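The structure under discussion appears below in the form of structure tokens.
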Amino acid sequence: MSDSRPLGIFDSGVGGLTIAREIKKVLPHENIIYYGDSKHLPYGNKSPEVIQQYSKNITQFLVEQNCKAIIIACNTASSNALDEIKSVAEPHQIPVLDVITPVAEKAAYGFHQKMGVIATKATVYSGIYKKSIRQFNRHIKVQELATPLFVPVIEEGLANTEISKAVIENYLSNRKLKDIDSIILGCTHYPLIEKEIVDYYEGKVEVINSPLTVAHALKNILVKNEMCAEGNPTYSFYVSDITKNFQKLAKRFFGREVELKLKPLH
Ligand code: DGL
């Protein structure tokens, strides 16, 4: 039996479209409702309390849209508001998938000894990646580094320039990341500079990004719960603020033109 209720995917802005894009590829029949809280972007330098409140409001909206599963396509919300999001969704029997657990699990079994994680300040302050990875494998050393300049660099269209190169060198040469064998890109935006990071390490460090792993984890949940859809999908994209730049960025993150609809919640 097919389940045509939409998937609810959300992020602090349009960056989570990197996750939505991969979900669309792995699950091409699923209807998707995406919510980007562009009015409150960035979450990465906000307090846990504020991130939790915004995340709960968005989850409530997605529950009201009759979503069958909620995907937190934002590392900062996943690391600071998972319990609060579940407290809204789970009473309605709606499963919640965050972007960190599946990646931590996969990374923990990947024969790594010393892993680096780069992410926003709020994600790094939560210590979530270290906790999650070591839950699966307590022998791995994990070093987390906040790299807050990457988001504005990417949003200003400065990836693949001398500026992004300088910022990458500055952050990745930090002594915390010395001798790592792998690095997790712990932020929605970083897939857009993945190649530059791979080049920086000249293939000596494995670069791990989340979208594909998250999309497969979601597929497992849908299959297990007999919740897969069939037929031609529809996609709706809501944001809490619209600017020309969001529109441009959305295209870059999703890989094709998207029509953003304004829907402020709070
Ligand atoms: N979406 C956020 C994340 O993945 C990055 C942007 C922000 O700080 O809101 O952590």
Side-chain angles (χ1 to χ4, degrees), residues 8-23 34-59 62 70-82 84-85 96-104 116-130 132 144-159 164 167 171 183-194 197 207-215 237-241 243 245-246 249-250 252-254 260 265-266:
I9 305 178
F10 82 89
D11 176 44
S12 56
V14 287
L17 288 169
T18 53
I19 303 274
R21 176 184 186 163
E22 216 53 52
I23 290 176
Y34 181 92
Y35 192 90
D37 195 6
S38 43
K39 182 172 158 190
H40 298 121
L41 179 89
Y43 281 9
N45 46 26
K46 298 218 163 41
S47 67
E49 292 73 24
V50 165
I51 298 166
Q52 287 157 11
Q53 195 50 58
Y54 293 158
S55 301
K56 277 169 75 173
N57 292 346
I58 298 168
T59 307
L62 295 174
I70 307 256
I71 299 92
I72 317 169
C74 174
N75 286 260
T76 305
S78 296
S79 53
N80 284 273
L82 180 59
E84 289 71 17
I85 292 164
V96 173
L97 178 66
D98 68 284
V99 277
I100 293 171
T101 312
V103 178
V117 178
I118 50 173
T120 64
K121 283 186 187 162
T123 299
V124 168
Y125 292 161
S126 76
I128 187 80
Y129 272 100
K130 187 185 244 161
S132 307
E144 293 159 287
L145 180 73
T147 49
L149 276 181
F150 283 150
V151 167
V153 164
I154 293 165
E155 295 207 342
E156 290 306 318
L158 295 170
S164 59
V167 178
Y171 280 140
I183 188 162
I184 295 181
L185 308 184
C187 173
T188 46
H189 290 51
Y190 300 175
L192 275 81
I193 49 168
E194 180 174 358
I197 293 176
V207 179
I208 301 169
N209 87 35
S210 5
L212 190 60
T213 306
V214 172
F237 302 92
Y238 295 100
V239 284
S240 47
D241 186 24
T243 64
N245 197 40
F246 287 140
L249 283 171
R252 203 176 317 143
F253 285 117
F254 198 57
L260 300 178
L265 297 178
H266 36 250

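Because the structure is predicted, anything quoted here is derived from the model rather than measured. Counting starts at 1 for both ligands and their atoms, in listed order.
Side-chain contact of Thr120 with Thr76: a donor-acceptor pair under 3.5 Å is present, judged by distance alone. Side-chain atoms of Asp37 and Ser240 include a donor-acceptor pair closer than 3.5 Å. For Tyr129 and Asn75, the side-chain atoms include at least one donor-acceptor pair closer than 3.5 Å. With 3.5 Å as the limit, one finds no donor-acceptor pair spanning the side chains of Thr213 and Ser210.
Each of the following atoms of ligand 1 lies closer than 4.0 Å to a heavy atom of Cys74: 1 (N), 2 (C), 3 (C), 4 (O). Interface atoms of ligand 1 facing Thr120, defined by a heavy-atom separation under 4.0 Å, are 5 (C), 8 (O), 10 (O). Using a 4.0 Å cut-off to heavy atoms of Leu41, the atoms of ligand 1 that qualify are 9 (O). Proximity to Thr76 (heavy-atom distance under 4.0 Å) selects the following atoms of ligand 1: 2 (C), 3 (C), 10 (O). Proximity to Asp11 (heavy-atom distance under 4.0 Å) selects the following atoms of ligand 1: 1 (N). Atoms of ligand 1 found under 4.0 Å from any heavy atom of Tyr43, numbered from 1 in the order shown, are 7 (C), 8 (O), 9 (O).
Aromatic rings from Tyr54 and Tyr43 are positioned such that their centres are separated by under 6.0 Å. Note: Phe254 and Phe237 meet the aromatic proximity criterion, with ring centroids under 6.0 Å apart. Residues Tyr171 and Phe150 bring their aromatic ring centres within 6.0 Å.
The closest approach between Gly15 and ligand 1 stays at or above 4.0 Å for every heavy atom of the residue.
Counting heavy atoms under 4.0 Å from ligand 1, residue Val99 does not touch it at all. Within the 4.0 Å heavy-atom criterion, neither part of Asn45 lies near ligand 1. For Asn75, heavy-atom contacts with ligand 1 shorter than 4.0 Å involve the backbone as well as the side chain.
Looking from atom 6 (C) of ligand 1 to the surrounding protein, the closest heavy atom is Ser12 OG, 3.6 Å. Looking at atom 5 (C) of ligand 1, its nearest protein heavy atom turns out to be Cys187 SG, 3.5 Å. Protein heavy atom at the shortest distance from atom 8 (O) of ligand 1 is Gly44 N, 2.8 Å.
The CD1 atom of Ile19 sits 7.5 Å away from the OG1 atom of Thr188 when rounded to the nearest 0.5 Å.
Side-chain contact between Asn57 and Gln53 is present, with at least one heavy-atom pair separated by less than 4.5 Å.
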